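The model shown is predicted, which means the values in this text are computed figures rather than measured ones.
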Amino acid sequence: LQGAFALALEAAQNGLTLARKLNDPDLIANLQLNKASPLIRLDKMEEAESLSRESLSYFRNKKPGEKLFHCYQSLGAVLGNSKKYVDASLYADSAIAIAVQLNMPKLKMQSMLQRANLATKSSDFGYAEQLLHEVKTFKHKTSEWSLLLEIERTGYLLDAAKGEYKNALQ
């Protein structure tokens with residue numbers, strides 16, 4: 001799996017190099033964000049955070065859209081992986097707000113699951129349960145297996161963190 005992320009990183013870097021030669025700010029910001037994703041998976045948080053922040057500063061000046069959502073979600077992931085849960089939660093909350101504003105249920109579910117995982121890591125189990133319950137109430141709006149799997153994984157991690165191992169194994 002690491003090899004696949006390394007290849008994705010190389011492709012993103014090649015695209016970013018070309019975008020810089022073309023001097024296309026929109027493309028540069030898009031590809032910086034694309035590069036941040038494999039960097040997160042390869043545990044290169046400092047570079048991922050820097051690229052995500054650069055993209056965020058560009059997309060904040062545009063009409064709110066999916067790219068702004070992905071900037072917030074990327075920073076939530078970077079900071080969460082760096083154990084900066086309070087800051088990560090602020091970005092996850094911003095991602096939720098953008099998804100709601102754009103009326104995109106799939107993005108809303110993704111960001112709510114990210115926020116639930118951050119709440120779990122912060123031992124805010126009540127809020128994590130509330131978010132997970134809300135996601136489960138509208139999960140019928142997706143048939144995407146990876147999202148459905150993430151819902152189950154989030155529930156498992158929450159139950160395990162609370163020490164409810166019987167529930168986690170069901």
Mind listing the closest non-hydrogen atom pair of P105 and N103 along with its distance? CD-O, 3.4 Å
Whether over 12 other heavy atoms sit under 6.0 Å from R53 CZ: yes
Would you please name every residue forming a side chain to side chain contact (heavy atoms under 4.5 Å, CB included) with E54, sequence neighbours left out? Q32, S50
Passing option when Y91 is tested against V78, L118, L56 for side chain to side chain contact (heavy atoms under 4.5 Å, CB included): L56
Do F59 and M104 belong together in a cluster built from hydrophobic side chains that touch within less than 4.5 Å? yes
Measuring only between side-chain heavy atoms, which start at C-beta, is H133 closer than 4.5 Å to E129? no
Hydrophobic clustering (ILVMFWY, side-chain heavy atoms < 4.5 Å, transitive) - are L113 and V100 grouped together? yes
ILVMFWY network linking I96 to L90, side-chain heavy atoms under 4.5 angstrom: no
Testing L131, I151, L107, D93 one by one against M112 for a side chain to side chain contact (heavy atoms under 4.5 Å, CB included), which residue passes? L131
I need the K63 NZ to L102 CG distance, nearest 0.5 Å. 8.5 Å
List the atom of A119, the atom of Y127, and the distance in Å for their closest heavy-atom pair. CB-CD2, 4.1 Å
With rounding to the nearest 0.5 Å, note down the distance linking CG in L33 to CG in L16. 11.0 Å
Compare every heavy atom of A116 with every heavy atom of T154, then report the nearest pair and how far apart it is. CG2-CB, 3.9 Å
For T17 and Q13: C-alpha separation, side-chain torsions, deciding distance, then whether side-chain hydrogen bond (donor to acceptor under 3.5 Å, both in side chains) applies. CA-CA 6 Å; T17 300; Q13 181 56 54; 3.2 Å; yes
Linking I/L/V/M/F/W/Y whenever their side-chain heavy atoms sit closer than 4.5 Å, directly or via other members, would L75 and F69 fall into one cluster? yes
Pairwise distance CZ(F125) to CD(E164) - rounded to 0.5 angstrom: 9.0 Å
Note: Q114 and A92 closest approach over all heavy atoms is OE1-CB, 3.7 Å
Establish whether L39 and L7 are linked, either directly or via other cluster members, by ILVMFWY side-chain heavy-atom contacts under 4.5 Å. no
Contacts of type salt bridge (charged side-chain N to carboxylate O under 4.0 Å, His left out), residue R60, not counting sequence neighbours: none
S37 side-chain N/O to N34 backbone N/O, donor-acceptor pair under 3.5 Å: no
If you look at every heavy atom in G155 and L132, which pair is closest and at what distance? CA-CD2, 3.4 Å
Check whether any side-chain heavy atom of L68 lies under 4.5 Å from a side-chain heavy atom of K62, and answer yes or no. no
Can you tell me if S55 uses its side chain to pair, donor with acceptor, with the backbone of S52 under 3.5 Å? no
The reported gap from OH in Y58 to CG in N30 (rounded to nearest 0.5 angstrom) is 8.0 Å
D124 side chain to T120 main-chain N or O, any donor-acceptor pair under 3.5 Å? no
Under the salt bridge (charged side-chain N to carboxylate O under 4.0 Å, His left out) definition, can you give me all pairs with a residue in residues 21-35, not counting sequence neighbours? K35-E47
Would you give the length of the straight line joining atom CE of M109 to atom CD of E134, rounded to the nearest 0.5 angstrom? 11.0 Å
To the nearest 0.5 angstrom, please state how far the OG atom of S82 sits from the CD1 atom of I40. 9.0 Å
Give the minimum heavy-atom separation between N117 and R153, together with the two atoms involved. ND2-NH2, 3.7 Å
